[in-house]
S.K.: 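Dropping the structure in here first, questions after.
Scope of the values below: all heavy atoms of this structure, side chains included, with no hydrogens, waters or symmetry mates. These numbers were taken from a predicted model, which means no experiment stands behind them.
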Amino acid sequence: MADVAKVPRSLPLALLYPVFFLSGMAAILYQLVWQRSLFTLYGTSSESVTVVVTAFMLGLGLGSLAGGWLSERPGISLPVVFGLVELAIGLFGIVSLPFFGWLASWTSGAAGIEVGVAAMGAVVVPTLLMGATLPLLVAHQVRESGNVGQSVGQMYFINTLGSAAGAFLAAAVLMGALGQSRSVWLAAALNFVVAGLVLGAFLKFRTRR
């Protein structure tokens with residue numbers, strides 16, 4: 001069994017912070033647009049709002065557990081897993097709004113628990129993937145630095161800063177200038193940039209070995 005401490009370095013820490021900043025920005029854009037889209041499809045009653053928000057939170061929580069489990073697997077290149085997760089999020093983002101529209105037409109007339117099941121089905125996969133990103137990169141930095149507290153604090157700070165910047169831009173500029181569809185495309189583009197940077201750094205490292 002491979003020793004976790006001997007996992008090769010494939011993501012410079014100087015690249016870690018900007019990519020996780022962009023990841024947080026993309027995630028909050030998705031959340032704002034997807035919640036607004038689902039509220040439009042299923043209404044803005046207190047029950048509908050509750051189940052949609054719960055679906056997001058549950059997906060993120062399950063994703064955090066999944067990311068934590070993966071981060072404990074020895075021999076896995078966590079930056080590569082993170083890059084593939086970002087790529088998958090971006091691919092879902094491209095088709096997300098048409099998918100939500102199709103799901104709403106298929107579940108037209110749904111109410112109560114049916115709305116919750118539909119909302120969960122709509123967002124469980126991408127939110128699970130989003131929730132996995134933090135434990136993956138935290139575990140990577142812990143492997144690099146050996147400092148758990150500092151790694152967790154820095155990653156939370158960078159990701160929260162990206163989310164705050166994304167929320168501000170969405171409210172001040174993006175939603176009005178781009179609308180929901182183009183805002184989602186922008187978020188997907190950020191995911192692809194992050195995936196490209198991370199996977200490119202890994203491939204560059206491998207070719208130099």
Side-chain angles (χ1 to χ4, degrees), residues 19-20 22-43 48-73 76-108 110 112-140 155 159 162-163 166-167 170 180-199:
V19 298
F20 207 38
L22 294 178
S23 176
M25 182 179 293
I28 198 65
L29 287 177
Y30 284 131
Q31 184 173 350
L32 293 172
V33 174
W34 289 350
Q35 284 186 346
R36 180 174 295 187
S37 176
L38 291 172
F39 292 157
T40 300
L41 297 173
Y42 292 111
S48 177
V49 171
T50 298
V51 296
V52 169
V53 173
T54 300
F56 271 88
M57 295 300 103
L58 181 59
L60 291 172
L62 292 175
S64 182
L65 291 175
W69 179 84
L70 278 175
S71 69
E72 295 175 352
R73 302 306 96 189
I76 292 180
S77 176
L78 298 180
V80 170
V81 177
F82 171 78
L84 294 176
V85 166
E86 287 289 320
L87 181 61
I89 295 171
L91 291 173
F92 182 89
I94 291 175
V95 302
S96 59
L97 295 185
F99 172 68
F100 293 166
W102 170 83
L103 186 64
S105 65
W106 188 64
T107 59
S108 59
I113 189 64
E114 295 175 347
V115 174
V117 171
M120 178 60 65
V123 301
V124 64
V125 172
T127 54
L128 191 151
L129 293 172
M130 290 176 192
T133 57
L134 179 62
L136 288 173
L137 284 195
V138 166
H140 171 72
M155 290 297 95
N159 193 243
S163 297
Q180 292 187 17
S181 180
R182 292 181 180 178
S183 294
V184 165
W185 275 83
L186 175 60
L190 292 176
N191 291 135
F192 294 146
V193 168
V194 168
L197 289 172
V198 172
L199 297 177

S.K.: Can you give the donor-acceptor pairs under 3.5 Å from side chains of residues 122-136 to other protein atoms, not counting sequence neighbours?
M.R.:
unit_1 : atom_1 : unit_2 : atom_2 : d
Thr127 : OG1    : Val123 : O      : 2.5
Thr127 : OG1    : Val124 : O      : 3.3
Thr133 : OG1    : Met130 : O      : 2.7

S.K.: Quick one: closest heavy-atom pair of Ala167 and Ile28, and the distance?
M.R.: N-CG2, 3.6 Å
S.K.: Quick one: CZ on Phe56 to CD on Gln31, what's the gap to the nearest 0.5 Å?
M.R.: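 Here the interatomic distance stands at 6.0 Å.
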S.K.: Give the table of side-chain donor-acceptor pairs shorter than 3.5 Å for residues 79-97, with sequence neighbours excluded, one pair per line with atom names and distance.
M.R.:
unit_1 : atom_1 : unit_2 : atom_2 : d
Glu86  : OE1    : Asn191 : ND2    : 2.8
Glu86  : OE2    : Ser23  : OG     : 2.7
Ser96  : OG     : Trp34  : NE1    : 3.0
Ser96  : OG     : Gly93  : O      : 2.8

S.K.: Would you check if Ser163 and Met25 make a side-chain contact, meaning some heavy-atom pair closer than 4.5 Å?
M.R.: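 The answer is no; the side chains never approach within 4.5 Å.
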S.K.: Nearest heavy-atom pair of Leu29 and Ser183: which atoms, and what distance?
M.R.: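 Shortest heavy-atom separation between Leu29 and Ser183 comes out as CD1-O, 4.4 Å.
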S.K.: First locate atom CG of Leu137, then atom CG of Leu78, and finally report the distance between them rounded to the nearest 0.5 Å.
M.R.: 8.5 Å
S.K.: Mind listing the closest non-hydrogen atom pair of Asn159 and Gly24 along with its distance?
M.R.: ND2-CA, 3.3 Å
